[in-house]
Amino acid sequence: MPCLEWLDPGTEERGWWEEEKKEGGVKWMQLEHRGPYFVPLYEPLPEDVQFYYDGKPFKLSLATEEIATFYAKMLDHEYTTKEVFQNNFFHDWRKEMTSEEQEIIKDLDKCDFREIHKYFVDKNEARKALPKEEKQKLKEEADKIQEEYGYCIMDGHREKIGNFKTEPPGLFRGRGEHPKMGMLKKRIMPEDVIINCSRDSKIPEPPEGHRWKEVRFDNTVTWLASWTENIQNTLKYIMLNPSSKLKGEKDWQKYEVARRLKDVVHTIRAQYRRDWKSKEIKKRQRAVALYFIDKLALRAGNEKEEGETADTVGCCSLRVEHIQLHPQLDGQEHVVEFDFLGKDSIRYYNKVSVEKQVFKNLQLFMKNKDPTEDLFDQLSTNFLNRHLQHLMDGLTAKVFRTYNASITLQEQLKALTNPEDNVAGKLLSYNRANRAVAILCNHQRSIPKTFARSMQVLQEKIDAKKKQVEEAQEELKKAEEEFKDKSDAKAEDNVEKKKKLLKRLEEQLAKLNIQATDKEENKQIALGTSKLNYLDPRISVACKCPVLLHLQLGTKQLELPEGREVLGQGRVLRHQRGLCRNRRFVPVEEDHQEVLQHLPTPQLPPGPGHLHLLLLPKLPVQPERVPGAPAGSPVRCWGSHSMRFFSFLMEGNGP
DNA sequence: GGGTAGACTTGAACCGATCCTC
DNA sequence: GAGGATCGGTTCAAGTCTACCC
């Protein structure tokens with residue numbers, strides 16, 4: 001059976017996504033929505049909950065009190081132990097105080113927020129302990145808001161909005177050593193908000209007594225509303241949910257660009273290798289940087305304003321202090337040791353053996369420089385991307401990350417999956433392939449707080465199961481001896497029974513062991529980001545080996561073209577345990593592959609012998625169409641990334 | 001070609017709902 | 001049915017990249 005290469009150029013005909021392409025950067029023809037949902041105004045603390053200054057109760061003005069509650073709520077967070085956070089908070093808080101308050105409240109150490117903190121903790125507990133009916137009532141209220149504000153109409157379709165609420169006021173939580181952490185994030189008012197919609201739509205009403213900053217009719221952008229936040233003075237947007245057609249198409253285009261890179265990557269690699277010896281230092285720097293971006297999946301590394309954000313870097317902004325050169329290390333030659341903080345202040349630490357010419361270049365770039373100077377001092381991401389654009393239309397530094405992530409998944413799936421494995425084994429292989437990508441992209445997570453405990457519980461289960469297996473082995477032995485003595489049908493039956501039991505227990509033990517391995521290997525690695533942003537879902541379908549097609553339906557909807565059925569769903573599966581012991585997976589039989597064949601490229605191979613596993617965690621509900629939408633308009637499916645992708649594929653090939 | 005505002009994607013942390021086990 | 005674990009969605013910070021200015 002030939003393997004379907006994700007990256008082989010497809011021979012498919014022109015698709016609907018090309019036909020529907022709008023001219024001149026136009027993103028939509030019709031956009032109607034309710035505007036953002038504004039978070040409720042501040043509710044004052046009860047009289048008996050007090051703030052104390054220097055040991056004495058102190059009644060704060062309403063505005064001052066509100067900001068005090070922001071700090072009080074965070075008392076058990078590490079942030080409030082940081083000096084920068086405390087200083088920024090106190091500075092901003094004092095600015096909002098009345099002159100009387102300013103006169104008295106001069107020292108944060110004398111402020112006691114504990115009673116306020118306790119009030120919110122208790123309130124939270126009380127909310128959790130609410131009777132079922134009360135909780136249901138709250139949920140219904142939230143659902144009503146979601147219904148009302150959470151959707152818009154775009155080109156005749158009801159689309160889910162990603163973030164329809166304005167961000168609530170609070171204290172800024174920058175990541176890492178952010179110089180602005182603790183600063184006051186101000187409340188967003190309608191007067192701060194720019195609305196974007198179509199001219200002929202029903203323009204959203206601002207809350208009573210208010211007006212919008214501006215109403216715009218710009219269909220070359222995708223946002224519905226925007227405002228400028230006060231911490232970094234940057235724009236924030238209200239945009240569509242990733243499940244929307246607009247985002248889905250963009251996602252698909254991203255993977256198409258990555259697939260195109262496959263055809264030219266060898267030429268590009270050959271060129272940057274030549275450029276390592278260029279007479280122009282600038283070119284050499286570009287070539288070495290590109291090598292790192294390609295080989296190590298580093299981010300581009302735009303320049304950042306000093307003192308405005310945490311000190312993090314990417315490839316082009318690496319400084320001399322971030323690498324160490326070792327002519328020899330651990331039996332390898334020309335080793336570069338990277339140690340720097342990347343996006344979100346996540347540490348990147350890696351020792352890599354590089355080509356001799358790269359090593360020599362790095363020595364040259366570092367010569368006579370201070371540790372704090374730029375390694376690639378003549379290079380900018382702009383310069384690099386312009387060069388890449390010249391090599392391939394649409395190529396930028398980040399495409400290499402997508403490309404390398406996806407091709408790593410494909411290669412690892414091929415290498416790791418064993419068609420003979422059971423579901424647990426296949427899942428382990430899939431996770432391992434996914435993990436290889438996460439490691440490449442340096443997607444880390446903090447070890448879950450409950451990790452040690454849950455690992456211990458799992459180990460206890462394994463030990464107990466081992467004991468059961470041993471006992472079952474003993475019992476089988478006994479039964480066999482009994483059968484030897486008696487040789488009757490009952491004894492024979494008993495042997496068979498004991499054999500079955502032993503087999504079942506051994507399988508359970510194997511499954512537990514796999515689970516433990518998976519869990520341990522995944523301790524500090526976050527799989528979600530790569531699954532969501534870097535892995536072309538078609539790869540999960542198109543590999544030669546049995547695959548897991550990760551379709552995340554969420555609680556949302558799916559309508560398959562007529563004549564095709566939903567492959568499985570959470571609730572059904574629970575009744576099908578005999579058929580498939582794993583709650584979340586259902587083996588897809590031959591006839592179901594028809595659905596998979598709706599992937600535009602590459603097509604699935606015909607013929608038996610392929611077991612595809614679909615992940616369909618939740619029950620699909622009826623699809624929604626906007627009343628009056630033209631007949632045959634695309635069916636939309638909602639869910640996260642993979643499903644999003646699936647959804648527009650269905651549209652293109654649907655009825 | 002450098003600088004920058006604006007638009008959009010990527011990312012880890014958080015949190016509520018659901019699931020699983022006892 | 002309680003309680004803990006896990007899942008999946010949400011949040012909002014922090015990146016990338018383009019268009020446009022000079």
Side-chain angles (χ1 to χ4, degrees), chain A residues 25 27 77 124 127-128 135 138-139 142 146 150 160-168 170 172-176 178 180-181 185 194 196 218 220-223 226 228-229 231-237 239-243 246-247 250-251 254 282 299-305 308-310 312-317 342-346 380-386 388-389 394-399 401-402 438 441-446 448-451 453-455 457-458 461 519 526 528-534 552-556 570 574 583-584 615 617-618 638-641 643:
Chain A
K27 305 283 185 352
H77 205 290
N124 218 4
R127 191 174 46 84
K128 280 183 197 161
K135 276 187 183 170
L138 288 176
K139 192 176 175 292
Q146 165 85 39
K160 195 176 179 191
I161 299 170
N163 55 326
F164 62 90
K165 292 175 182 169
T166 56
E167 288 174 19
F172 178 71
R173 302 180 178 208
R175 315 240 169 96
H178 201 294
K180 295 192 170 185
M181 65 168 85
K185 247 180 82 166
I194 302 172
N196 193 33
D218 183 357
T220 66
V221 295
T222 64
W223 53 268
S226 72
T228 304
E229 56 88 31
I231 304 285
Q232 332 231 39
N233 205 33
T234 57
L235 281 153
K236 294 259 180 173
Y237 302 94
M239 288 187 187
L240 292 187
N241 186 274
S243 62
L246 207 65
K247 296 279 188 191
K250 226 24 206 316
D251 212 34
K254 174 180 77 184
K282 195 172 180 173
R299 296 187 185 84
N302 284 318
E303 251 182 275
K304 302 187 352 172
E305 216 175 316
E308 288 293 299
T309 58
T312 62
V313 295
C315 186
C316 294
S317 50
K343 184 179 177 181
D344 294 321
S345 295
I346 300 288
S380 72
T381 52
N382 251 330
F383 179 68
L384 175 66
N385 278 336
R386 258 175 235 186
L388 293 175
Q389 191 63 242
L395 185 62
T396 62
K398 88 184 178 83
V399 178
R401 228 166 124 81
T402 314
C441 294
N442 201 37
H443 291 145
Q444 295 184 34
R445 62 168 183 171
S446 44
K449 282 168 207 153
T450 54
F451 183 82
R453 174 77 198 121
S454 68
M455 203 62 197
V457 169
L458 191 54
K461 272 190 201 166
K519 207 180 175 89
T529 304
S530 50
K531 218 178 257 174
L532 214 59
N533 299 304
Y534 289 105
Q552 297 178 332
L553 275 176
T555 50
K556 308 305 182 307
R574 243 178 291 155
R583 180 180 54 82
R584 286 210 140 70
L615 175 55
K618 282 172 191 168
W638 294 332
S640 44
H641 158 77
M643 198 54 231

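As the structure is a prediction and not an experimental result, all values here were calculated from the model. In what follows, chains are A, B, ... by sequence order, proteins preceding strands, each numbered from 1. What you see below is based on every heavy atom in this structure, not just the backbone, and it leaves out hydrogens, waters and symmetry mates.
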Query raised in the report: Between Trp223(A) and Phe383(A), which is nearer to the 5' end of DNA chain B once each is assigned its nearest nucleotide?
Result: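 Nearest nucleotide further toward 5': that of Phe383(A).
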
If you compare every side-chain N and O of [X] against the phosphate oxygens of [N] (OP1, OP2), does one of them come in below 4.0 Å?
X: Thr234(A); N: dG6(B); answer: no
X: Thr396(A); N: dC17(C); answer: yes
X: Gln389(A); N: dT18(C); answer: yes
X: Lys236(A); N: dA14(C); answer: no
X: Asn163(A); N: dT11(C); answer: no
X: Lys27(A); N: dC8(B); answer: yes
X: Lys180(A); N: dA13(C); answer: no

Requested in this report: Mind calculating the distance between CG (Asn382(A)) and P (dC17(C)) to the nearest angstrom?
Outcome: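 Taking CG of Asn382(A) and P of dC17(C), I get 10 Å after rounding.
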
Query raised in the report: How close or far is atom P of dA13(C) from atom CD of Gln232(A), stated in whole angstroms?
Result: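 The answer, rounded to whole Å, is 8 Å.
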
Report task. Can you check each nucleotide of nucleotides 9-14 of chain B against protein heavy atoms at under 4.0 Å and return B for base, S for sugar-phosphate only, - for none, in 5' to 3' order? Result -> SBBBSS

**Report entry** Residue list, side-chain contact (heavy atoms from CB on, under 4.5 Å) with Arg175(A), at least two apart or on another chain
**Finding:**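 side-chain contact (heavy atoms from CB on, under 4.5 Å) check on Arg175(A) returns Asp344(A).
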
Query raised in the report: What is the minimum heavy-atom distance between His178(A) and Thr309(A), and which atoms define it?
Result: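 The answer is NE2-CA, 3.7 Å.
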
Atom [atom1] of [X] and atom [atom2] of [Y]: how far apart are they, to the nearest 0.5 Å?
X: Asn163(A); Y: Lys236(A); atom1: CG; atom2: NZ; result: 9.5 Å
X: Thr529(A); Y: Arg445(A); atom1: OG1; atom2: CZ; result: 11.0 Å
X: Lys27(A); Y: Lys250(A); atom1: NZ; atom2: NZ; result: 6.5 Å

Query raised in the report: Looking only at side chains, do Thr234(A) and Glu229(A) share a donor and an acceptor under 3.5 Å apart?
Result: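 Side-chain D/A pair, Thr234(A) to Glu229(A): present.
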
Query raised in the report: Side-chain donor-acceptor pair under 3.5 Å between Thr312(A) and Lys304(A), yes or no?
Result: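 Distance-only check passes for Thr312(A) and Lys304(A).
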
Query raised in the report: Lys160(A) side chain: which of dC17(C), dT10(C), dA13(C) is closest?
Result: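 Of all the options, the side chain of Lys160(A) is nearest to dT10(C).
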
Query raised in the report: Looking across every strand, which nucleic acid part, if any, lies under 4.0 Å from Gly301(A) by heavy atom: base, sugar-phosphate, or nothing?
Result: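 Since only primed, P, OP1 and OP2 atoms lie under 4.0 Å of Gly301(A), the category is sugar-phosphate.
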
Requested in this report: Answer with base, sugar-phosphate or nothing: what part of the nucleic acid does Lys185(A) contact at a heavy-atom distance below 4.0 Å?
Outcome: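 Sugar-phosphate only.
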
